[in-house]
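So the structure is just underneath, and the comments pick up after that.
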Amino acid sequence: MAKKEKSDVELLKTWRLPPTATLGSAVRAKGILLELRARLPSATKKALDLDAGELTLVLPAQAKALFNATSAAITDALKSLDQIPVIPREIEDILSITTTERHRWLNDGRLASAGIRTVRLRGRAKKITFHVFDPKFVEDLLDRGAVDEWREQDALAKIENRRRAAYQAKLTRSLRKQSATSKPHHDDVEKAAKELLDWDQFGSEGLLR
């Protein structure tokens with residue numbers, strides 16, 4: 001019985017993810033977990049888990065050497081958490097923005113890309129490529145409320161674009177109306193010219209003598 005109880009003992013260690021790493025995002029925290037798992041040997045990937053912002057490593061007591069090596073690797077990796085690039089779904093959660101906004105602001109340069117990453121999703125043959133972002137840059141946007149400012153700019157630009165479109169439509173209608181009213185005038189000129197030609201012909205035949 002004592003032997004069975006001893007074999008049931010597990011080795012456990014926890015680490016608290018700092019807010020500077022997660023930027024207040026559960027999606028970002030999950031991404032960090034996946035990043036850390038990718039750096040671990042296959043035998044210990046599933047041994048590392050995340051719950052309420054806390055990483056937990058659990059291994060059987062007989063795997064003490066593996067536990068110590070894995071713990072050291074995780075502790076070392078945690079030192080550079082704030083350097084792990086922010087991926088699209090994470091920045092959307094951190095800044096509370098939509099995919100459409102992310103694409104728009106990336107295209108116009110307001111969201112500065114920190115590079116391109118290409119990955120192959122599990123179960124899919126085709127690779128996908130996406131932009132990643134510098135965590136410090138994202139943190140700065142979050143701290144200064146840049147998203148609210150950008151949305152206000154976009155709203156004003158939308159109003160201005162509508163005003164210009166309305167003016168252009170009005171101008172187009174005016175030109176069409178002017179063209180339509182000038183056409184009868186042109187016809188009148190042609191009619192008058194024809195009448196004058198008939199009158200000249202009438203005179204040339206001596207009917208006025």
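Heavy atoms only: backbone and side chains are in, while hydrogens, waters and symmetry mates are out. Everything numeric here is computed off the predicted structure, so don't read it as measured data.
Under the side chain to side chain contact (heavy atoms under 4.5 Å, CB included) criterion, L142 pairs with I94, L95, sequence neighbours left out. With sequence neighbours excluded, the residues that form a side chain to side chain contact (heavy atoms under 4.5 Å, CB included) with D108 are R104, W105, R110. Scanning for side chain to side chain contact (heavy atoms under 4.5 Å, CB included) contacts around N68 gives K64, with sequence neighbours left out. Under the rule for a side chain to side chain contact (heavy atoms under 4.5 Å, CB included), the partners of S113 that lie at least two apart in sequence or sit in another chain are L106, H131.
Counting heavy atoms of neighbouring residues, nucleotides and ligands inside a 6.0 Å radius, atom CD of E152 does not exceed 12 of them. By the 6.0 Å contact criterion, CZ on R89 is open, its count of non-hydrogen atoms from other residues, nucleotides or ligands being 12 or less. Under a cut-off of 6.0 angstrom, the local environment of CG in D51 is sparse, with at most 12 non-hydrogen atoms contributed by other residues, nucleotides or ligands.
Here the closest non-hydrogen pair linking L59 and A47 is CD2-CB, 3.6 Å. Taking each heavy atom of P88 and F130 in turn, the nearest pair found is CD-CD1, 3.5 Å. In plain terms, the two heavy atoms of L57 and S71 that are nearest each other are CD2-OG, 3.4 Å.
In the hydrophobic clustering of ILVMFWY residues, with side-chain heavy atoms under 4.5 Å counting as a link, L66 and L55 come out together.
Looking at E92 and T99, their side chains do bring a donor and an acceptor atom within 3.5 Å of each other. Using modelled atom types and a 3.5 Å distance limit, the side chains of S25 and D93 yield a donor-acceptor pair.
When side chains are defined from C-beta on, D134 does not count as touching V138, because their heavy atoms never get closer than 4.5 Å. Between V147 and L141 there is no side-chain heavy-atom pair separated by less than 4.5 Å. Between P135 and Q83, every side-chain heavy-atom pair lies at or beyond the 4.5 Å cut-off.
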Step by step, work out the side chain to side chain contact (heavy atoms under 4.5 Å, CB included) result for I97 and R151. CA-CA 10 Å; I97 64 176; R151 284 175 176 156; 4.0 Å; yes
Apply side chain to side chain contact (heavy atoms under 4.5 Å, CB included) to the pair L111 and F137, showing each step before the final yes or no. CA-CA 9 Å; L111 270 183; F137 170 70; 4.1 Å; yes
Take R144 and D140, measure what salt bridge (Lys or Arg N to Asp or Glu O under 4.0 Å) needs, and give me the verdict at the end. CA-CA 6 Å; R144 61 187 176 88; D140 177 64; 2.9 Å; yes
Side chain to side chain contact (heavy atoms under 4.5 Å, CB included) for V119 and I128? Distances and angles first, verdict last. CA-CA 6 Å; V119 299; I128 62 170; 3.7 Å; yes
Please tabulate, one pair per line, all N/O donor-acceptor pairs under 3.5 Å involving side-chain atoms of residues 30-40, not counting sequence neighbours.
| unit_1 | atom_1 | unit_2 | atom_2 | d |
| --- | --- | --- | --- | --- |
| R37 | NE | K45 | O | 3.2 |
| R37 | NE | L48 | O | 3.0 |
| R37 | NH2 | L48 | O | 2.9 |

Indicate every side-chain donor-acceptor pair of residues 14-22 with a distance under 3.5 Å to a residue at least two apart or in another chain.
| unit_1 | atom_1 | unit_2 | atom_2 | d |
| --- | --- | --- | --- | --- |
| W15 | NE1 | T75 | OG1 | 3.2 |
| R16 | NH1 | A52 | O | 2.7 |
| T22 | OG1 | G24 | N | 3.3 |

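Applying the ring-ring contact (aromatic ring centres under 6.0 Å, His included) test to residues at least two apart or on different chains, none of the pairs has a partner in residues 61-91. Applying the ring-ring contact (aromatic ring centres under 6.0 Å, His included) test to residues at least two apart or on different chains, none of the pairs has a partner in residues 26-49. Applying the salt bridge (charged side-chain N to carboxylate O under 4.0 Å, His left out) test to pairs two or more places apart or on separate chains, those with a residue in residues 19-28 are R28-E90. Among residues at least two apart or in separate chains, there is no ring-ring contact (aromatic ring centres under 6.0 Å, His included) pair with a member in residues 42-64.
In the hydrophobic clustering, where aliphatic and aromatic side chains (Ile, Leu, Val, Met, Phe, Trp, Tyr) are joined below 4.5 Å either directly or transitively, V27 stands alone. With a 4.5 Å cut-off between side-chain heavy atoms of Ile, Leu, Val, Met, Phe, Trp and Tyr, the cluster of L12 takes in V58.
Distance check, rounded to the nearest 0.5 Å: NZ of K127 to OG1 of T129 gives 8.5 Å. Rounded to the nearest 0.5 angstrom, L23 CG and K136 NZ are separated by 8.5 Å. Here the OG1 atom belonging to T70 is positioned 6.5 Å from the CD1 atom belonging to I74, to the nearest 0.5 angstrom.
At least one donor-acceptor pair under 3.5 Å links the side chain of N161 to the backbone N or O of A157.
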